[in-house]
Amino acid sequence: MGLLSTQLLAPQAGQTQLTEPVRVDLHWQKISSGAEKLGIYAAINGGLPQIFEFDTGGSGFNATIACDFSRYSNWWGSSTSDPCPSPSPPASTTPPPPPSPCPTISLSPEFCTLYDSGLQYNGSQVVGSVQLFDQPYSTSAKLNSANVVIGQSSSIYDTKKGSYDWYANTSSPFSQPVEGAFYGDFGMSIKQSPIGINSLVNQLTYANGVTPGFRVHAIYGERPWVQFGLGPEDLKKWPKHFTLNTSTGLANPNPNTNTGGINNGSLKVEGSQTFSGENLTSLIFDSGATTTIHSGSAAPIVTLTNEPFPPGPFPLALTQSCSSNTSNKTYVTDSAHVKLSGLSVYGVEEEILSFQAGCNSTTSPQFNQVELQIGSASNPAPSCTTFGAPCYYLNAGILPFLNYDIIFNLDPTMSVLGSVVSEPNSAKVLMLQVPAPVPLLGVMTAFSFARRLRRTMNQR
């Protein structure tokens, strides 16, 4: 299947500069697996709002578009581009051949990006305005940004299933192609994208004392929202501050992390064996995923602590397959105690999460599952092929967002204990605000997060 037309969309006037923080509602959507993910209502060039996955682990706004986009994908408004190649693509009953694998760096104006989920987006880079809305039937946008680079997606190919989830055709409209819930991916990763499509927060400019960055409030059971731009109230001395690395390989003990994250995190899994990677685990915060351990080998080796290199194989004694699983996924065994922490900018190791892992969990949503993406030298894990070996990092997934307001501060300077700390331009600061203690019923287990948060707040 050919790529979309390379003619750019006509940009529309809008807010390219934030002079005050702007909050936009997020929404929990049930996906095809029965779990829940966050979505945001967006439109392009004055189209009608539709929901896209809100994904802090993804790069840029990747939005699907149909051949007859005014009928079948009306979240795209006015456009001077032809969304389909010539000759016309096949009808839905005749899928095109599989796309080529994504290159390491995409050549503009084409784009191709592969997610850890195995979904590969193909299409063209275009420029247009993006509107964000609180609700699907809102008549006015909360944020309207012009001249934004967007991924105009002509196909979504599932590399794990070996089939298309969706591709542009001329015969019919399409339902939500992304996990049965979304029309594309609204990526909010702070990392500069190698494919040229950066997150909206990275494409805005800021003035009038507004600090570059964004804040996510997704405490489960409360109304979720995202705030673009940070004000004084967002930049208090919250208990937890971590330095994020947004550039692969820069002062990073594990240069193979696929997006901005904490370099010197710690992961410990206690079950029939103990797996520990003290200050060697790169942690990323991905609202579009569940907790996932990425390891380059499946050999049954128990890893020791304080090794000079990133810990390698995850011990098979701590793994299991879910009986309800139909995609051959491997998980951390039921009842294992999983602890995540990181070295804060204060030089103190701070706990981020502490919970009991589940596999065939009876709770809903099943946020306590910990997936493993593991492989061997001859058959590496998909997420490791781009970054080489050794490949080891931890995707903390949605869980941190359910327990904290998470603030991504994109200003390279910040005040810590009365001193101004300057980070390299490619390193940013993640700030975790401990919220008022709210029990996460049905989510956390015997290691009650509410009790731990009360202890933390009583010590402040």
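Treat the numbers as computed from the prediction; the structure is a model and nothing was measured.
- Remark: Phe133 engages no residue in a ring pair (Phe, Tyr, Trp, His ring centres under 6.0 Å) (not counting sequence neighbours).
- Not counting sequence neighbours, the partners of Arg223 by the salt bridge (Lys or Arg N to Asp or Glu O under 4.0 Å) test are Asp25.
- A donor-acceptor contact closer than 3.5 angstrom is absent between the side chains of Asn198 and Gln203.
- Screening Val332, Asn395, Thr292 against Val370 for a side-chain contact (heavy atoms from CB on, under 4.5 Å) leaves a single residue, Val332.
- Within the structure, the ring pair (Phe, Tyr, Trp, His ring centres under 6.0 Å) test picks out the following pairs touching residues 176-205 (sequence neighbours left out): Phe61-Phe186, Trp75-Tyr183.
- Partners of Tyr157 according to the ring pair (Phe, Tyr, Trp, His ring centres under 6.0 Å) rule, which considers only residues two or more places apart in sequence or in another chain, are Tyr164.
- Side-chain atoms of Gln131 come within 3.5 Å of backbone N or O of Gly46 as a donor-acceptor pair.
- Residues Phe408 and Phe285 keep their aromatic ring centres 6.0 Å or farther apart.
- Side chain of Thr291 to main chain of Gly397: no donor-acceptor pair is present (N/O by atom type, distance under 3.5 Å, no hydrogens or angles).
- Checking each of Ile190, Ile406, Ile407 against Phe214 for a side-chain contact (heavy atoms from CB on, under 4.5 Å) leaves exactly one that passes, namely Ile190.
- The closest donor-acceptor contact from the side chain of Lys142 to the backbone of Arg23 lies under 3.5 Å.
- At a threshold of 4.0 Å, the pair Lys30-Glu36 does not count as salt-bridged, since none of the basic side-chain nitrogens sits closer than that to a carboxylate oxygen.
- With sequence neighbours left out, Tyr41 forms a ring pair (Phe, Tyr, Trp, His ring centres under 6.0 Å) with His27.
- Residue pairs satisfying the salt bridge (charged side-chain N to carboxylate O under 4.0 Å, His left out) criterion with at least one member in residues 284-295, sequence neighbours excluded, are absent.
- With respect to the salt-bridge test (charged N to carboxylate O, under 4.0 angstrom), the residues Lys339 and Glu351 do not qualify.
- Note that NE2 of His294 and CD1 of Ile284 are 6.0 Å apart. Values are rounded to the nearest 0.5 Å.
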